[in-house]
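Just so it is clear, the structure is predicted and the values come from calculations on it, not from any experiment. The basis for the numbers below is simple: all heavy atoms, side chains too, and nothing from hydrogens, waters or symmetry mates.
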Amino acid sequence: MEVWNTVGQAAIGWLVESVLGSLFTDKLSSWLRRVNLDDDVEELVSEMRNVAVVLEAAKGMKVGDQNEPMAGSLLHLKDLLYDAEDVLDKLDYCRLQEQIIKGNSGDVTSPPTPYFVSITRWFTVTGWKRKREENHTHLDNKIQFSATIKQIAGKLRDACGDVSKGLKINGLKSPEASNLRHQSTARATNATTSYLLEPKVYGRAVEVESIKKLILTNRSKGITVVPIVGNGGMGKTTLAQLVYKDPAVGSQFDVMIWVHVSDKFDMVRVTREILECVSKKQPKEASNFNMLQQDLEEQMRYKKFLIVLDDVWDVRKDDWKKLLAPLRPNNHVDPSQKEATCKMIIITTRIQSVAESLGTEQLIKLRALEDDDIWSLFKKHAFGNDKHDSNPTLQNLGRIIVKELKGNPLAAKTVGALLGRNLTIDHWSSIIENKEWQSLKRTDDGIMHALKLSYDNLPNQLQQCFSYCSLFPKGYSFSEAQLVQIWIAQGFVEKSSEKLERKGVEYLEELVNSGFFEQVKSMRSSSKDFVMHDLMHDLARMVSKTEYATIEGSEGKELVNSTHLHYLRLENDEFGALPQALSNCYHLQVLDIGSCGIPSFIPNDINKLVNLRHLVGEDEVFSRIAGIGEMTSLQELTNFEVQNSIGFEIAQIQSMSELVELGVSQLKNITRRDEACGARLRDKKNLEKLHLSWMGSMSQDGYNSDESYDTTSQDGYNSDESYDNEYETEHFPDIAREVLHGLEPHHKLKHLRISLFNGATSPTWLLSSLTCLQTLHLENCGKWQRLPLERLLLLRKLVLIKMENATEVSIPSLEELVLIELPRLKTWSCTSVRDLNFSLRCLNIKHCPLLKVGPLFENCQQFEVQRKSWLSHLSQLTIHSCPHFCVHNTLPPSPIVSKLSIAGVSTLPTVKGSSSGTLRIGHPNDFGYSFDEGSDQLITLDDKVLSFHSLRFLTELVINGCQNLTSISFESLRQLICLRSLSIYNCLKLFSSNVPLELAHEDTQGANRNVLPSLEQLDIMNCGITGKWLSLMLQQAQALRELSLRDCNQITGLSIEEEQSTEASSLKYPGDTTSNSDQDGLLRIPLNLISSLKDIFIERCFGIKLNESMEGFARFTSLERLQIEVCPNLLSSLVHIDGYNEQENKRLLPLSLQELALCFDDLPENLLPGFLRNPNPICLKKLTVLCGTNLKSLELQSCVALEELDIIDCESLATLEGLQSLSSLRYLNVFGCPDLPAYLESLSGKVPELCPRLEKLHVGASTLTTSFCKHLTSLKFLRLHSGNEEVARLTDEQERALQLLSSLQELQFDCCHKLVDLPTVLHSLLSLKSLEISSCRSITKLPEKGLPPSLQELDISYCSKELTDQCIPLSSKMKVKIRRE
């Protein structure tokens, strides 16, 4: 049973409003009178008004299965309205066409009629309400038009009569009696209580603990409001119930109250319910609100309370204040009574703005459940408590369905319960195959019902905006501009005094606020991108299924001639040229060709598109449209290139009064001031952004983002094109000055950019008229010397680039200041240093060689007196190549700096990063052994160099290439309480000296042994640190999980701290005598770390040895990953003189180890077998062995859990003992082991099963034998490499072996340099989906019998030209990737 309060009613209501309020305009009415169709249209309009009256009476009616006649009548009414809309749209098109032909485009702007088409290479999306059957666009037969209008009016009259009769039969008031009063239907929601419906809740432990901690530590004397926000079905009520029923929470309060608020916030009802709960009796119904509040105040006085207000929707701020008034602490407290300090309110809501408005604490936003939690919840409802392990196949099918539920708890509960009614494989498989699980969510208590409540609460226009987006595929990323432009073109955005674009942005903000869209990271910093959650997309498809259609294929390409076309987006450059018919789409409002590059052809008369508001494309597109001034509705003209030819004069801009953004280039072609005045920029009151360039094209993003000068060039900026020397004489400075004066913009301009202007002074209007200017960008205006900009009081951003003669700059209190390549600038001044200190958010200074000081830097002492925090709001600071610039305070100035970059400043080391993420000191590159000359002056890293107190939220610190750095202050490090990763590279002198006595004393006493409490990862490479220093550091990092040592040759021994008492005097290894000096090289692992370290990597530490009593790494009981590379003494110290003693049965590896990598030039032959041997199976999952000539056999019997095995360059390795027992092995890589293929073939014939679960295999062609491949029934991925094999083609045996791999899906040929022919049987691999051929230059052709029909992807990289050319045409059948040399 549906309620007629969904998209059906919304669509009709919106359609009537759209046609009557937008399409039927004064302009159309005047034209209709002239062509004698006004009476007919008036009759049609009258009937449409009657429809509006009928709709009001139909609100709230049930029109489901039991009221089919009424449902049919309403749907018929909607179709007739579309007919009426069509005919009015065609009439308006005829009006436009007539006026354009007559050459009068000054007053032809047409309002929107909803229609949209997006043409792409792979799919076509059309926003049709229904299919229009004909496309007459001329008023050739006025009689036919008249007859059509009368026919539609008559049908509307009849349909209204049918609906009116139906209303009376159902006992409702007549339409006339309703007086168009809106009576909203009551929302069919179930009241909630504090009692949990489920005995166990999954996945909200973190949120529960967060709220509990807040409650248990709350000491506020006011009311604390904790908001919980999330979409329908995310578990907001359940989370509140968990907190409410927690015993620890209950013990904190005298009174606990639960109220279900629902959609209408009735403060009288809520007050009454709170009072009823606390007084345990029902208040009198007649009590007025004041008496209720007095009673409530009396009951709640001196009480600690927790109130849960569940399901809050829209609340006015005044109503909220009135509700809280009797609950607030009393100012007139009885001295004998102590006012309670724990007054807590928890609200749950779907609307983020409500949570932000009412909450006093940070909101708790519920996200999707993690995979394990959503699976557990689904499993419980689908299988029950005891059945879920009985059928593994159903579990696998269930996991497939759970992935589609996107972590929504209510969806998992609903779908799981319904599937649990039929626990058969056939039923579940059918549901997955047909995607019937989606319909399972649409039950009366399912997720769609919950989400639809949010949809029903939206205003009519927002419902249309949301449901329309169902036309786009799931996961589609919309830009803000694209969404707003579509909605305006469709007529969804209501007209008001506000600009439509601004109103559209407000619509989007409300939809984001209500959870229908979510913002995602954009590739462009100047753009905001949004997506629909998959469940929201399902909702949009559900509510719009009778409204919109999606057409796939090429059919949509014929639609561009449509009279009704308002939005057109072309993608992937299939056309090359824009269709000529596009010029006749007079209703078109948005043309988006942004992803097509520059079309090869643009219709000459495209300027007839007089209704076009937005043309999205490359700059060159604008500069190629002659007579663009006819397009008077355009709002963005990013590059108008002035030319000395007809249609490209500056006067073209004169009538474009709707422009919001304008870029004008090639101003050198204007020679007179009056010619410039012809643009009438001063009259363009809507203009907000203006870019004036005397030469070529310009960036579109130069007004309010730093993309144009901070991302592309080596030095961090990308300025306008350099101009040639002829420019100086071609356009005299006096002429340039006069032209610029003539281009004075409207005084409300907000963003101005001037490029390549060679006049000596700025125009008078810049400082006197532009009182609203917020952004000023001056670039390559080389003759300006003085820039007195302090009078621009609203200026927030100033960008100066390549101002070669600028010597003086004075500024107001800016938020962003950019100074790049000002070679003569020595300082700058400010009207108020105090205000600038408070307002500045971004400072970017580069290549100013004479700059020494500036405001905020020369008066640091003054700030310490005036303000405790220096540059407390600065978030970005960049200073590059300013060798004389002085910064007296340490950096960063505060914990909120998100971007810090210092380089080429003599008094500062090179620094890059942020205050709360990663900070790098020294060389920017982690790889290699480079040093940073800019950090040569850094000797001691402490609070005098770096502001460690501003780095308390830093999570990663990298110090690289500081060749003179000798020490880091432990007291400074102590302030990095959030630091999780510390990396030190190429600091040869760091910690190479003796440990100071005071630190050593602290060490022995165990004092202050947690300098870095959060440190989890320590990585040291190519440093002079001694074992004693590193031991001290490890004592200060008790949370350490990963230790990496590379090229640290001052560390000579490895021991465990508890052994200190017996080993303090010397280190003794078999056959080795050490001196006391070796104690400095001894690394002692603190005792607490041997049970917490998970990863140890030791590489190229040539002198390090294990202490003889360590017995390997077995005592590291939590160790999961161990990598030892080119440390010849480290493992050798485990082997006795006469070899490894198996009788001692020592366990050298911990049972916890999962990954082991051993890489040596020559590994002792008797070491590795014993190293892996263990009396019990070990948990090792990945083993990598790379060694030289000594290893002959690898024993794997204990590695029964092994999943990945890499054996590389083991030239003498001939056997893999126990390989047949590795039933879990999924990946095998064998490279440079010439004797192993024969062993694999021999073993394959002796055992019934070998590698049954192997999925990936990386081997040479010689490994392909029929005896081996017949075992590989699960293999999906095969990579063949040449190694030491030089084969021109596979043998017959190898091709037969390849055919046995029936499950193979991916095949790669990698670096097979001598391979000439691909396998002839390639076409018979019927499961193959992907084929990659890389660096096989001898292959010149595909097999004669072709490729398998199942192939979907072909990747050819660095191969012969002949092979590449043969593969390119296959792109019509499959996805082809080509990489050339």
Side-chain angles (χ1 to χ4, degrees), residues 1207 1213-1216 1219-1220 1228-1252 1254-1351 1354-1356 1359-1360 1362-1363 1366-1367 1370:
I1207 308 173
L1213 185 62
T1215 60
L1216 299 175
L1219 179 65
Q1220 64 272 23
L1228 175 61
N1229 176 19
V1230 178
F1231 185 89
C1233 305
D1235 296 333
L1236 274 186
Y1239 171 76
L1240 291 174
E1241 182 178 10
S1242 173
L1243 180 64
S1244 299
K1246 298 177 182 178
V1247 296
E1249 185 179 67
L1250 184 64
C1251 305
L1254 193 69
E1255 296 179 356
K1256 292 186 176 183
L1257 179 63
H1258 185 178
V1259 292
S1262 60
T1263 307
L1264 294 181
T1265 62
T1266 53
S1267 57
F1268 179 50
C1269 289
K1270 70 181 181 181
H1271 291 280
L1272 307 182
T1273 56
S1274 299
L1275 194 70
K1276 296 180 180 179
F1277 175 94
L1278 173 63
R1279 177 183 295 168
L1280 295 176
H1281 57 78
S1282 63
N1284 296 324
E1285 306 169 14
E1286 299 293 344
V1287 296
R1289 58 187 54 83
L1290 299 188
T1291 65
D1292 293 343
E1293 162 75 6
Q1294 291 166 352
E1295 293 211 358
R1296 287 194 298 271
L1298 190 62
Q1299 287 182 294
L1300 294 175
L1301 304 177
S1302 58
S1303 60
L1304 191 66
Q1305 296 181 9
E1306 297 182 55
L1307 176 60
Q1308 295 183 2
F1309 293 88
D1310 184 23
C1311 296
C1312 301
H1313 304 296
K1314 299 296 183 180
L1315 189 66
V1316 175
D1317 295 323
L1318 290 170
T1320 59
V1321 298
L1322 202 58
H1323 68 283
S1324 63
L1325 304 180
L1326 300 182
S1327 297
L1328 197 67
K1329 295 181 180 179
S1330 173
L1331 174 63
E1332 180 178 338
I1333 307 172
S1334 177
S1335 300
C1336 301
R1337 294 175 177 82
S1338 299
I1339 302 175
T1340 58
K1341 63 182 185 302
L1342 294 173
E1344 291 184 3
K1345 295 184 179 181
L1347 302 174
S1350 58
L1351 200 65
L1354 179 60
D1355 192 330
I1356 307 296
C1359 292
S1360 67
E1362 294 86 351
L1363 180 63
Q1366 189 178 357
C1367 293
L1370 298 177

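Residues satisfying the ring-ring contact (aromatic ring centres under 6.0 Å, His included) test with His1323, not counting sequence neighbours, are none. Ser1327 is linked by a side chain to side chain donor-acceptor pair (under 3.5 Å) to nothing, counting only residues two or more places apart in sequence or in another chain. Taking Gln1220 as the reference, Leu1243, Val1247, Leu1250 meet the side chain to side chain contact (heavy atoms under 4.5 Å, CB included) condition, with sequence neighbours excluded. In this structure, Asp1310 has no side chain to side chain donor-acceptor pair (under 3.5 Å) partners at least two apart in sequence or on a different chain. Looking at residues two or more places apart in sequence or on another chain, you find no side chain to side chain donor-acceptor pair (under 3.5 Å) involving Ser1360. Under the side chain to side chain donor-acceptor pair (under 3.5 Å) criterion, Thr1273 pairs with no residue, sequence neighbours left out. Evaluation of the side chain to side chain contact (heavy atoms under 4.5 Å, CB included) rule for Ser1324 yields Gln1299, Val1321 as partners, not counting sequence neighbours. Partners of Leu1370 by side chain to side chain contact (heavy atoms under 4.5 Å, CB included), not counting sequence neighbours, listed by chain and number: Leu1342, Leu1347, Leu1354, Val1376.
When side chains are defined from C-beta on, Thr1265 does not count as touching Leu1240, because their heavy atoms never get closer than 4.5 Å. Side-chain contact between Ser1274 and Leu1254: absent, with no pair of heavy atoms (C-beta onward) separated by less than 4.5 Å. A 4.5 Å side-chain heavy-atom check between Thr1263 and Pro1237 finds at least one atom pair inside the cut-off. Under the 4.5 Å side-chain criterion, counting only non-hydrogen atoms from C-beta, Cys1251 is in contact with Leu1272. Asn1229 has its side chain out of reach of Ile1207: every pair of non-hydrogen atoms, C-beta onward, lies at least 4.5 Å apart. Counting only heavy atoms from C-beta outward, the side chains of Leu1278 and Leu1264 approach each other to under 4.5 Å. Side-chain contact between Leu1301 and Leu1257 is absent, with no heavy atoms from C-beta onward closer than 4.5 Å.
Looking at every heavy atom in both residues, Ala1297 comes nearest to Cys1269 through O-CB, 3.5 Å. Between Leu1326 and Ser1350, the shortest heavy-atom contact is O-OG, 3.0 Å. Taking each heavy atom of Leu1216 and Tyr1239 in turn, the nearest pair found is O-OH, 2.9 Å. Smallest separation of non-hydrogen atoms from Cys1336 and Cys1311: SG-N, 4.0 Å.
For the salt bridge (Lys or Arg N to Asp or Glu O under 4.0 Å) condition, the pairs that include at least one residue of residues 1290-1301, sequence neighbours left out, are Glu1293-Arg1296. Applying the salt bridge (Lys or Arg N to Asp or Glu O under 4.0 Å) test to residues at least two apart or on different chains, none of the pairs has a partner in residues 1229-1247. Under the salt bridge (Lys or Arg N to Asp or Glu O under 4.0 Å) criterion, the residue pairs touching residues 1311-1339 are Arg1289-Asp1317, Asp1317-Lys1341, Arg1337-Glu1381, with sequence neighbours excluded. The ring pair (Phe, Tyr, Trp, His ring centres under 6.0 Å) analysis of residues 1255-1276, with sequence neighbours excluded, yields the pairs His1258-His1281.
Interatomic distance, CG of Leu1318 versus CG of Leu1307, reported as 8.5 Å (0.5 Å rounding). Distance check: Lys1270 NZ to Ser1302 OG gives 14.5 Å after rounding to the nearest 0.5 Å. Taking CG of Leu1325 as the reference point, atom CG of Leu1300 lies at 10.5 Å (rounded to 0.5 Å). Atoms NE2 and OG, from His1313 and Ser1335 in turn, are 6.5 Å apart once rounded to the nearest 0.5 Å. Rounded to the nearest 0.5 angstrom, Ser1262 OG and Leu1280 CG are separated by 10.0 Å. Note: Ile1333 CD1 to Cys1359 SG = 6.0 Å, rounded to the nearest 0.5 Å.
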side-chain contact (heavy atoms from CB on, under 4.5 Å), that's the test. Do Leu1331 and Leu1322 meet it? Break it down for me. CA-CA 10 Å; Leu1331 174 63; Leu1322 202 58; 3.9 Å; yes

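Formation of a donor-acceptor pair under 3.5 Å by the Ser1303 side chain with backbone atoms of Leu1275 is found in this model.
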